[in-house]
> 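Before I ask anything, here is the structure I am working with.
Order of listing sets the numbers, starting from 1, for every ligand and every atom in it.
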Amino acid sequence: MNHNDRIPLPETPRYADAEMLARARTFRDLMALRRTVRNFSDRPVPREVILACLECAGTAPSGANKQPWHFEAVADPALKRRIRLAAEEEERKFYAERAPRDWLDDLEPLGTNADKPFLETAPWLIAVFEQRYGIDVHGDKRKHYYTKESVGLATGLLIAALHQAGLATLTHTPSPMGFLGEILERPAGEKAFLLLVVGHPAAGALVPDIRRKDPAQYIRLRD
Ligand code: IYR
């Protein structure tokens, strides 16, 4: 591709200011209803829904357009079991030895512990991988840029897409996550970024009584 090649910007919808405002607020209000869920139903979720949300994630901007992400969407019960057992092994060490007191204190309101039954109950686990470098057709390494930022952006779009589709998610970061690359047979250049648990909430699911910051605390408009 010649770097001077340019094509017209694809047509995207344009709105009058009033409709723009209404749309912005509607989407904000929808996203404000998102809560991280830890009690999942085993109700299945069609693979096509997961696929469409992952394709949405893949529209994220990325450093030098390298798109340095890979997603493994797992519904296979045997694989989910292996992931649960490996995650719980790391988490037991985290809660018993690795986590400093102040970290455990900060987690206390969330009520988390080393037991992760949702890794088997939820219909889908999406393991997100960061490609720290690429491999070209000759098998040679190719540089990637801002990989964490790029994969973080893609994951944000994924969480928004899943929520918009009516699904619940849990952003899970067992630490360390090396077991994910091993179980899912990912190449050396890929590093597990996080594990997203996806499904419907269990009937009567409870969430911690925690609040978001007042937007005035984190936004300043300087117009
Ligand atoms: N990875 C552990 C601990 C944990 C850490 C943070 I930071 C959280 O926001 C929640 C949990 C776990 O998943 O239990």
> Quick one: which ligand 1 atoms are inside 4.0 Å of a heavy atom on Lys116?
12 (C), 13 (O), 14 (O)

> Can you tell me if NZ on Lys143 sees more than 12 non-hydrogen neighbours from other groups inside 6.0 Å?
no

> Salt-bridge test for Arg81 and Glu120: reply yes if a basic N is under 4.0 Å from a carboxylate O, no otherwise.
yes

> Could you state whether Val45 and Val37 fall into the same hydrophobic cluster, counting links through intermediate Ile, Leu, Val, Met, Phe, Trp or Tyr residues with side-chain heavy atoms under 4.5 angstrom apart?
no

> Please could you name the atoms of ligand 1 that His172 approaches to less than 4.0 Å, counting only its heavy atoms?
13 (O)

> Among all protein heavy atoms in this structure, tell me which lies nearest to atom 2 (C) of ligand 1, with the distance rounded to 0.1 Å.
Glu91 OE1, 3.1 Å

> Take Trp103 and Phe94 through the test ring pair (Phe, Tyr, Trp, His ring centres under 6.0 Å) and record every step on the way to the result.
CA-CA 10 Å; Trp103 195 344; Phe94 173 83; 4.8 Å; yes

> Of the side chain and backbone of Asp106, name the one, both, or neither that has a heavy atom under 4.0 Å from an atom of ligand 1.
neither

> In terms of atom number and element, which parts of ligand 1 are under 4.0 angstrom from non-hydrogen atoms of Tyr95?
2 (C), 3 (C), 12 (C), 14 (O)

> So is Trp103 polar-close to ligand 1, meaning N/O to N/O under 3.5 Å?
no

> List the closest protein heavy-atom neighbour of atom 8 (C) of ligand 1: residue, atom name, distance to the nearest 0.1 Å.
Leu107 CD2, 3.3 Å

> Could you tell me whether Asp214 and Arg212 have a side-chain N and a carboxylate O separated by less than 4.0 Å?
no

> With a sphere of 6.0 Å drawn around OH of Tyr146, does it hold more than 12 non-hydrogen atoms of other residues, nucleotides or ligands?
no

> Within a distance under 4.0 Å of any heavy atom of Thr173, pick out the atoms of ligand 1 and give their elements.
1 (N)

